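Remarks on the structure that follows.
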Amino acid sequence: MEKTGCCGPSPNPSDLFTGRCFNAIPCLSDPVKRSTWCLRLGLVTLHMILLGFMFVFVEEFRQNSKEHPWYTLIYMLLVVATLVLYYFTSGSSPGYVIDAMRDFAETEASLRAPDFSNAVVTVDGNQSGQNLLGNNLTNWTNLVMDMYPPGTSVRDYTCPYCNVVQPPRAKHCHDCKKCVLQFDHHCVWLGTCIGQGNHCRFWWYILEQTAVCIWTGFLYVENLPAHSERAMWVDVIMIIVISILLVALMFLLLLLIFHSYLVMTNQTTYEILRRRRIPYMRGIPGSVHPFSKGACRNLYSFCFARTSVYAMEPLPRALELEQMSKPYTCSDVVSCRCC
């Protein structure tokens with residue numbers, strides 16, 4: 001039965017505690033952000049449990065750590081570096097179209113006369129593209145449409161949610177509620193989109209997480225041989241952990257190989273899975289990667305050559321696509337056309 005006071009029903013203590021937590025930490029009031037922070041906390045807790053179990057219950061691991069301290073130190077540094085990169089990637093921007101439009105508006109204003117230099121205003125992330133650009137909307141539309149082949153209708157690429165003209169490879173994310181440049185996918189584990197701005201960090205995170213998984217599994221397997229002095233339940237838990245690490249390793253390796261292929265061919269997960277649903281990709285043969293510049297140049301551009309998270313790639317013209325569709329010859333191999 002609910003307790004009542006002189007002025008009405010008394011508030012529930014749990015609701016009061018929850019309200020105080022939301023007031024102290026505003027991000028917890030958002031269910032999406034709250035689940036993201038729970039995932040982040042769970043990841044740190046999982047790594048600490050796997051590492052702490054070895055230190056507390058496995059005497060052989062403690063002995064090896066005393067004999068080879070640098071070996072254990074390097075492993076712990078790798079774990080810490082992986083967690084740091086995870087948080088850095090999850091908190092980084094994938095490159096939103098609205099931010100690219102803001103950057104474009106600021107550049108346009110800086111090139112105008114001084115009396116027009118104060119035309120740029122600070123806007124929040126929910127402001128529509130038309131309100132953001134104002135008089136520069138036509139310039140942005142022309143800039144985007146120049147990236148498409150002639151004859152393309154701008155209506156086909158205006159986002160109905162953000163009300164912005166999408167450049168090639170951009171897509172609206174319903175989880176982030178924004179259009180993302182070079183959209184790859186929305187990563188639930190990271191709580192953010194993977195796009196042009198953080199795809200490189202995402203690849204390095206997968207690589208480090210795979211290395212941690214392999215190293216952790218090796219430590220468990222190395223110290224698995226049972227001893228009479230050790231409890232049987234410790235060995236059972238170690239076998240269960242090894243099985244879980246094996247499944248996780250298979251998933252991470254497949255993910256690493258797949259994204260390495262995407263990097264080498266300059267593609268995205270969305271372009272592969274939804275190729276027939278992307279209007280400007282429908283007429284391109286499946287064997288042609290329209291944005292690829294060769295494996296070596298794609299790799300260099302992915303890791304080193306990007307000077308801005310808002311850089312946009314134009315869609316190749318018909319003659320360029322025809323050249324890409326031609327099979328490689330011996331002269332192409334010699335001239336490193338594939339690279």
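In this text, all values refer to a predicted model and were calculated from it rather than measured experimentally.
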Checking side chain to side chain contact (heavy atoms under 4.5 Å, CB included) for the pair L315/M147: CA distance, chi angles, key distance, verdict? CA-CA 6 Å; L315 190 69; M147 299 180 182; 6.0 Å; no
Evaluate the side chain to side chain contact (heavy atoms under 4.5 Å, CB included) criterion for residues K171 and C179: first the C-alpha distance (whole Å), next the side-chain angles of each, then the deciding distance (0.1 Å), finally the verdict. CA-CA 5 Å; K171 180 188 177 296; C179 290; over 6 Å; no
Verify ring-ring contact (aromatic ring centres under 6.0 Å, His included) between H174 and H186, making sure each step is shown before the conclusion. CA-CA 9 Å; H174 295 280; H186 183 87; over 10 Å; no
Derivation of the side-chain hydrogen bond (donor to acceptor under 3.5 Å, both in side chains) call for T268 and R169: CA-CA 9 Å; T268 64; R169 315 191 76 179; 4.8 Å; no
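From T216, atom OG1 reaches atom CZ of F53 across 13.5 Å, with rounding to the nearest 0.5 Å. One distance of note links CG of N266 with CZ of F291; it measures 8.0 Å at 0.5 Å rounding. One distance of note links CZ of R274 with CZ of F183; it measures 10.0 Å at 0.5 Å rounding.
Residues V212 and F218 share a hydrophobic cluster, clusters being chains of Ile/Leu/Val/Met/Phe/Trp/Tyr side chains in contact below 4.5 Å. Using a 4.5 Å cut-off between side-chain heavy atoms of Ile, Leu, Val, Met, Phe, Trp and Tyr, with links allowed through other members, L262 and Y300 fall into different hydrophobic clusters. No single ILVMFWY cluster, assembled from side-chain heavy atoms under 4.5 Å apart, contains both I49 and I239. Under the 4.5 Å side-chain heavy-atom criterion for ILVMFWY residues, no single connected hydrophobic cluster contains both L246 and V221. Residues I214 and I244 do not share a hydrophobic cluster, clusters being chains of Ile/Leu/Val/Met/Phe/Trp/Tyr side chains in contact below 4.5 Å.
Across all non-hydrogen atoms, the minimal contact from P167 to W140 is CD-CZ2, 4.4 Å. The two residues R275 and V288 come nearest to each other via the heavy atoms NH2-O, 2.8 Å. Between S92 and T192 the shortest heavy-atom distance is O-OG1, 4.0 Å. For P279 against Y157, the heavy-atom pair with the smallest separation is CB-OH, 3.7 Å. The minimum heavy-atom distance between V180 and G195, with the atom names listed, is CG1-CA, 4.1 Å.
Few gaps surround CE on M48; more than 12 heavy atoms of other groups in view lie less than 6.0 Å from it. More than 12 heavy atoms of other residues, nucleotides or ligands lie within 6.0 Å of CD in E222, so this atom counts as buried by the packing criterion. Counting heavy atoms of neighbouring residues, nucleotides and ligands inside a 6.0 Å radius, atom CH2 of W233 exceeds 12 of them. With a 6.0 Å radius and a threshold of 12 heavy atoms from other residues, nucleotides or ligands, R282 has its CZ atom above the threshold. The local environment of CG in L319 is sparse, with at most 12 non-hydrogen atoms from other residues, nucleotides or ligands closer than 6.0 Å.
Proximity of H172 to C162: side-chain heavy atoms (C-beta onward) are separated by under 4.5 Å at one or more points. Counting heavy atoms from C-beta outward, L245 and L249 have side chains that stay 4.5 Å or more apart. Between W189 and L43, some side-chain heavy-atom pair lies under the 4.5 Å cut-off.
A distance below 6.0 Å separates the ring centres of Y71 and W215. The aromatic ring centres of F88 and Y205 sit 6.0 Å or more apart.
Using a 3.5 Å distance cut-off with no hydrogens or angles, the side chains of N298 and S292 do pair a donor with an acceptor. Between D184 and T269, the side chains place a donor N or O and an acceptor N or O closer than 3.5 Å (distance only, hydrogens not considered).
A donor-acceptor contact shorter than 3.5 Å links the side chain of N198 to the backbone of C193. No donor-acceptor pair under 3.5 Å is formed between the side chain of Q267 and the backbone N or O of I272. Put simply, the side chain of Y220 gets close to the backbone of L50: a donor and an acceptor are under 3.5 Å apart. Not one N or O on the side chain of S301 forms a donor-acceptor pair closer than 3.5 Å with the backbone of R297. For the pair D103 (side chain) and D99 (backbone), a donor-acceptor distance under 3.5 Å is absent. The backbone N or O of A81 sits nowhere less than 3.5 Å from a side-chain atom of Y86 that would complete a donor-acceptor pair.
Ionic pairing of R277 and E271 is not present here: no N-O contact between side-chain nitrogen and carboxylate oxygen is shorter than 4.0 angstrom.
Partners of H185 by side-chain hydrogen bond (donor to acceptor under 3.5 Å, both in side chains), not counting sequence neighbours: none found. Under the ring pair (Phe, Tyr, Trp, His ring centres under 6.0 Å) criterion, F61 pairs with F55, sequence neighbours left out. With sequence neighbours left out, the ring pair (Phe, Tyr, Trp, His ring centres under 6.0 Å) criterion links H47 to no other residue.
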